[in-house]
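Take a look at the structure below.
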Amino acid sequence: MKNTLFFLILLFLATSCEKDPVFIPDRTELEPGKNKPPFVTICMPEGNGSSKAICIPETDVKAYLEKGAFLPDRDGDGYTAFGACTGQANDCDDDDPNIHPGAKEICGDGLDNNCDGHIDEGCVRENKPPQLFQPEAGALMDNGCTDRSDMISWFFDWGEVPGATKYHLYVMGRTATIPVINLELTQSQYLHQSMGSYIINTNTLGWTWKVRAFINGTWSAWSERRVFDAEPLNTDCSN
Ligand SMILES: [Ca+2]
Ligand SMILES: [Ca+2]
Ligand SMILES: [Ca+2]
Ligand SMILES: [Ca+2]
């Protein structure tokens, strides 16, 4: 009778935690005929960096977790975590059931959805150029004074581009050969101040500005090229 009982227990455990090593907890409720909880496989650290799969009643999970054991498939998506003691151990995010090998790679979320080691692979990068805010087209911007008592103060503002790590602001005079501003910036706005300088009246019209964004290692296309004018020289001098 005793042997039969032991055989039945073994048979039950083997079918509950399929393929996993059989572990027989010392619990009387495992006897056939009594209320039997479902069995689960759990990983028990062995002290040498590895862990061993053991089969325990679901009701014991909490106690085992407190003893340092861990669930091989915490998020229940059917894929066991990296380093788990059982299964393929290839779930790169075992807290998110939507992330696992074979999942669809979702573009633009910055996540490796299919656990192939690549983020957003195969996605067509939009790399949109920034949208310009101000100065608006045709805006009249600050100018300085011939007595150098005033500064030129220009404020540029554009829309943030998702994923952009820096921006390139380029401001050019109509007749100039080199840009007056040619800067890489981490913020999506810039205050240009040039103390004591001024723009002579023949050069006040037809300034242009544009911005591009640096995303995932490449520059976007340039934004629209927007035109503005500087106000006539000596407009707002203090003396
Ligand atoms: Ca999982
Ligand atoms: Ca997962
Ligand atoms: Ca991927
Ligand atoms: Ca993705």
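Since we're looking at a predicted model, the values are computed, not measured. The chain is numbered in sequence order, starting from 1.
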Atom CD of Glu184 with >12 non-hydrogen neighbours under 6.0 angstrom: yes
Ser51 versus Gly83, closest heavy-atom pair with distance: OG-O, 4.3 Å
Within 6.0 angstrom of Leu191 CG, more than 12 heavy atoms from elsewhere: yes
Heavy atoms from other residues, nucleotides or ligands near CD of Glu160 exceed 12 (cutoff 6.0 Å): no
Backbone of Ser153 reached by a side-chain donor or acceptor of Gln193 within 3.5 Å: no
Heavy-atom pair of closest approach, residues Trp207 and Ala230: CD1-N, 4.3 Å
Min side-chain heavy-atom separation Ser223-Trp158 under 4.5 Å: no
Minimum heavy-atom distance Pro129-Ser220, with the two atoms named: CA-OG, 3.6 Å
Audit row: Trp209, Trp154, ring pair (Phe, Tyr, Trp, His ring centres under 6.0 Å) steps and yes/no: CA-CA 11 Å; Trp209 73 290; Trp154 291 349; over 10 Å; no
Nearest heavy-atom neighbours spanning Ala213 and Ala164: CB-CB, 4.0 Å
Interatomic distance, Ser188 atom OG to Leu132 atom CG [nearest 0.5 angstrom]: 11.0 Å
Steps toward side chain to side chain contact (heavy atoms under 4.5 Å, CB included) verdict (Tyr79, Gln88): CA-CA 7 Å; Tyr79 298 83; Gln88 297 281 316; 5.8 Å; no
Whether Asp120 side chain and Cys107 backbone form a donor-acceptor pair below 3.5 Å: no
Hphob cluster co-occupancy, Leu185 + Phe156, side-chain heavy atoms under 4.5 angstrom: yes
Gly206 backbone acceptor or donor facing Asp229 side chain under 3.5 Å: yes
Under 3.5 Å donor-acceptor, Thr80 side chain and Pro72 backbone: no
Within-4.5 Å side-chain heavy-atom neighbours: Arg225 and Met172: no
Distance, nearest 0.5 Å, that separates OG of Ser197 from CE of Met151: 9.0 Å
Min side-chain heavy-atom separation His192-Leu169 under 4.5 Å: no
hydrophobic_cluster_shared for Ile199 and Ile181, side chain cutoff 4.5 Å: yes
Ile99 to Asp77 - nearest heavy-atom pair and separation: O-OD2, 3.2 Å
Arg226 side chain vs Pro135 backbone, donor-acceptor pair below 3.5 Å: yes
Ile215 reachable from Val211 in the ILVMFWY side-chain graph, under 4.5 Å edges: yes
Main-chain N/O of Glu231 paired to Asn143 side chain as donor or acceptor, under 3.5 Å: yes
CG on Asp73 to OG1 on Thr86, rounded to 0.5 Å: 10.0 Å
Partner set under ring-ring contact (aromatic ring centres under 6.0 Å, His included) for His168, not counting sequence neighbours: Trp219, Trp222
Whether Tyr170 side chain and Arg212 backbone form a donor-acceptor pair below 3.5 Å: no
Note, Pro232 side chain near Thr204 side chain (heavy atom, < 4.5 Å): no
Distance (rounded to the nearest 0.5 Å) between Cys115 SG and Asp93 CG: 7.5 Å
Verdict with reasoning, Leu65 to Ile42, per side chain to side chain contact (heavy atoms under 4.5 Å, CB included): CA-CA 9 Å; Leu65 293 180; Ile42 198 164; 3.9 Å; yes
Side chain to side chain contact (heavy atoms under 4.5 Å, CB included) between Asp95 and Asp75, worked out: CA-CA 5 Å; Asp95 290 313; Asp75 61 10; 5.5 Å; no
Atom CD of Glu136: over 12 foreign heavy atoms under 6.0 Å: no
Backbone N/O of Gln134 and side chain of Asp157: donor-acceptor pair under 3.5 Å: no
Flag if over 12 foreign heavy atoms under 6.0 Å of CD, Glu224: yes
hydrophobic_cluster_shared for Leu140 and Leu205, side chain cutoff 4.5 Å: no
Rounded distance [0.5 Å steps], CZ in Phe39 versus CD1 in Ile56: 9.0 Å
Linked, directly or transitively: Phe214 and Ile119 (ILVMFWY side chains, under 4.5 Å): no
Nearest heavy-atom neighbours spanning Leu111 and Asn113: O-OD1, 3.1 Å
Check: His100 and Asn114 side chains under 4.5 Å, non-hydrogen atoms: no
From CG (Asp150) to CG (Asp142), nearest 0.5 Å: 5.5 Å
